[in-house]
There are 2 protein chains.
Amino acid sequence: MATIRDVAQIANVSVATVSRVLNGSSKVSDKAREAVLKAQKELDFVLNANARALAHQDSETIGVVVSDLSDPYFGLMVKYCENAARQSGNSLIVTQGFHDEQREIMAIDNLISRNCRGMIVHALRIDDEKLSHYMQKVPTMILINRTLKGFEERCLNIDNVSGYYLVGQELIKKGHKKIAFVGSSHTIADAAERLEGLKKALLENDIKMDESLIVLREPYLEGGFDAASELIEKMQQGHKFTAVACYNDYLAAGTMARLTEAGYKIPEDISVVGFDDLYLARCTNPPLTTVHHPVDQIACLAIEMSIALFKQKHIKKNHFDISLVQRKSVRDLSVAN
Amino acid sequence: MATIRDVAQIANVSVATVSRVLNGSSKVSDKAREAVLKAQKELDFVLNANARALAHQDSETIGVVVSDLSDPYFGLMVKYCENAARQSGNSLIVTQGFHDEQREIMAIDNLISRNCRGMIVHALRIDDEKLSHYMQKVPTMILINRTLKGFEERCLNIDNVSGYYLVGQELIKKGHKKIAFVGSSHTIADAAERLEGLKKALLENDIKMDESLIVLREPYLEGGFDAASELIEKMQQGHKFTAVACYNDYLAAGTMARLTEAGYKIPEDISVVGFDDLYLARCTNPPLTTVHHPVDQIACLAIEMSIALFKQKHIKKNHFDISLVQRKSVRDLSVAN
DNA sequence: TTGAAAGCGCTAACAC
DNA sequence: GTGTTAGCGCTTTCAA
């Protein structure tokens, strides 16, 4: 592979001049610049990023850890991260934690060893102590969807309580009083917060939740399918409900599939609500009423905050817009069918 | 940030010894090893990957370019790539081309500058000439979903013709003779190949396609929705059809949504078939009959081939299993309803 | 088994 | 404007 020396030789200038040209320094004569550019083209030369990072003490790179890129939610997030990073002249490097503590640690260590300017981390498995350690060691590290005590300023979360409060309000407004909840079996704060938001809305309307209608499952399609099976049984045992509020869109999709299979019409017989507003929320039949939150805003802010910290500046957290997207999976019970 | 020198100093050995320990060389006394490991822990030290890559002339990294990580297909692919890479001791670095020639070029250049051992590239926008140039320059580069003349050995494709031939057979077997096709408006080989597979099956059964029932759209949900609108119009103009074969699952989902909205029952009135077997194929209602192809196998093989090339070895391409997944979106017309 | 030192490709301070 | 050169953090050869 050609080096900067080869270019210098061909262009008949010094390596310093080549470096200047290729880094856009102004203090170069037109003649030298041209010669360098010509030589570069001739050799099809690209500066070696590793050497650059070493000399520079800066890799112009932002590292991202997400749990699993096959989850469209993270795919979306990374997409927006790359856009934001690119805008500030950084490139992105993405690694996955795969819902496993060791993998998460490897992923973070990997990014540290690469000398990333900033780091955006979604890691739910690492324990608080280890994570705090990393937060301390890497002052540009931003946490997503997790709040770590002592580092609240660098934790970015959506307001799950408010989000699910919207769901509660919507269901109540449409006359639903008996509401089942399909939650996530993962022990993360989100799950509890969303349920809390729902309960808050119910409480404000003097509606008590039937706790036996709370079912927890792995937050994916199969989990929803399975949860719905359990709910159907409960219904047959006398625990009636007119709506199922789900932790996320996957669970909602699974729930809908199972209910449909069992002969229930959605939303005529049972209403279903999701959370996240993924692409698939528009693919279900009926299209899913769900909560939208701005992955793009979160990604952008995370990148910006991280870069600001790198420059010893500070950006304050702001509030993320969160809203209910009304599609067709909720029936208005106050209207005759 | 601590360096290898700091570790050496604390452990009271030379940097060479530290390097040996940290790289697992056997020629180190237990005493020295322990001292180094202790110092490492004390400093929370990780070797600098950039410096390592520079000295080593090898970054132990595989680069991947995909078009857009928010597309679950690529999310899946990258997931499997990282697993395969990790297994051979490499880490992965992912960049996106965003369906844009300049971005694709930037993505590839970025990976080149990072001295990746191997490269897996999905780039449909770069023209053949430029891409050939890259293939020549980077002998470990593997192409996905694109065949480039002169580099067939390093191009990995699924057999679209056979895949869609399966769809044709299935539809014909179930009594469908009038079949519409919703294709991709992107000018990539895949689109033509899938249609070709369908036509092949039809031809073998002496069925002629109504060419006016071929509609091309952006290969996403909205495209399918839009395509279905056009098809509905055509139907009203007398171009009847009993099934819609779609280029991919997104188009199928959109098609189903639009048809349902217009009052058609699926599959009772019209059957729909997709391609790719994405997660969402199981979220639609009814669940989508579609073609499954092994993203995991392709990803794995791509990584393995690339690594083999890096070691100056060769792995031959093999055939990828492709199969029809029968769900509920196709009606058997030979059976009374 | 260990250490000294050259060198990987680049940047930037300094001298001209 | 330009060139020389030290040094970024690491690996590896060579000598001890």
Side-chain angles (χ1 to χ4, degrees), chain A residues 1-40 43-61 89 91 109-117, chain B residues 1-37 39-40 43-61 89 91 109-117 137:
Chain A
M1 213 37 55
T3 78
I4 200 173
R5 262 189 201 79
D6 302 321
V7 179
Q9 196 160 24
I10 293 190
N12 213 7
V13 295
S14 72
V15 289
T17 298
V18 178
S19 176
R20 286 185 191 110
V21 172
L22 266 26
N23 286 294
S25 160
S26 54
K27 314 195 163 201
V28 180
S29 68
D30 286 354
K31 194 179 146 202
R33 185 185 319 281
E34 264 172 52
V36 168
L37 259 19
K38 181 155 166 281
Q40 180 198 18
L43 289 171
D44 198 15
F45 175 77
V46 189
L47 285 169
N48 179 319
N50 299 121
R52 245 174 96 80
L54 192 59
H56 236 227
Q57 294 287 71
D58 170 22
S59 62
E60 296 182 295
T61 294
S91 59
D109 281 341
N110 184 346
L111 294 182
I112 290 179
S113 77
R114 292 188 129 88
N115 241 281
C116 291
R117 277 189 170 183
Chain B
M1 216 27 65
T3 77
I4 199 172
R5 264 187 198 77
D6 302 319
V7 180
Q9 197 160 22
I10 294 190
N12 211 8
V13 295
S14 72
V15 289
T17 299
V18 177
S19 175
R20 285 183 192 113
V21 172
L22 266 27
N23 285 292
S25 158
S26 53
K27 315 195 163 199
V28 181
S29 68
D30 286 354
K31 195 179 146 203
R33 183 185 319 281
E34 266 172 50
V36 168
L37 258 20
Q40 179 197 20
L43 289 172
D44 198 17
F45 174 77
V46 190
L47 285 170
N48 179 319
N50 298 121
R52 243 174 97 78
L54 192 58
H56 237 224
Q57 295 286 72
D58 170 21
S59 63
E60 296 182 297
T61 295
S91 59
D109 280 341
N110 184 345
L111 295 181
I112 290 179
S113 77
R114 292 187 129 88
N115 240 281
C116 291
R117 278 190 171 183
K137 183 167 173 189

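Each chain gets a letter, A, B and so on, in the order its sequence line appears, and its residues count up from 1.
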Hey, is the main chain of A/Asp44 close enough, under 3.5 Å, to the side chain of B/Lys137 for a donor-acceptor pair? yes
Between A/Ser113 (side chain only) and B/Val46 (backbone N and O only), is there a donor and an acceptor less than 3.5 Å apart? no
Walk me through it: do A/Asn48 and A/Arg52 pass the test side chain to side chain donor-acceptor pair (under 3.5 Å)? CA-CA 6 Å; A/Asn48 179 319; A/Arg52 245 174 96 80; over 6 Å; no
Length of the [atom1]-[atom2] vector between [X] and [N], whole Å:
X        : N      : atom1 : atom2 : result
A/Lys31  : D/dT2  : NZ    : P     : 9 Å
B/Leu54  : D/dT12 : CG    : C1'   : 14 Å
B/Asn115 : D/dC10 : CG    : P     : 18 Å
A/Asn23  : C/dA13 : CG    : C1'   : 15 Å
A/Asn50  : C/dT11 : CG    : C1'   : 15 Å
A/Leu43  : C/dC10 : CG    : C1'   : 16 Å
A/Asn12  : D/dT2  : CG    : C1'   : 12 Å
B/Gln9   : C/dG3  : CD    : P     : 13 Å

Select one nucleotide: of [options], the one nearest the side-chain heavy atoms of [X].
X       : options               : answer
B/Gln57 : C/dG9, C/dG3, D/dC10  : C/dG9
A/Asn48 : D/dT11, D/dT4, C/dG9  : C/dG9
B/Lys27 : C/dT2, C/dC10, D/dG9  : C/dT2
A/Ile4  : C/dT11, C/dA4, D/dG9  : C/dT11
B/Ala32 : D/dC10, C/dC10, C/dT2 : C/dT2
B/Thr17 : C/dT2, D/dC10, C/dC10 : C/dT2
B/Arg52 : C/dT11, D/dT2, D/dC10 : D/dC10
B/Ala55 : C/dG3, C/dG7, C/dT11  : C/dG7

Stepwise, does the side-chain contact (heavy atoms from CB on, under 4.5 Å) test hold for A/Ile10 with A/Val36? CA-CA 8 Å; A/Ile10 293 190; A/Val36 168; over 6 Å; no
Pair of N/O donor and acceptor under 3.5 Å linking D/dG3 base with A/Arg20 side chain: yes
For the atom pair OG1 (B/Thr17) and NZ (B/Lys27), what is the distance rounded to the nearest 0.5 Å? 13.5 Å
Atom CG of A/Asp30 and atom CD of A/Glu34: how far apart are they, to the nearest 0.5 Å? 6.5 Å
Does [N] have OP1 or OP2 under 4.0 Å away from a side-chain N or O of [X]?
X       : N      : result
A/Ser14 : D/dT4  : no
B/Ser29 : C/dT2  : yes
B/His56 : D/dG9  : no
A/Ser19 : C/dT11 : yes

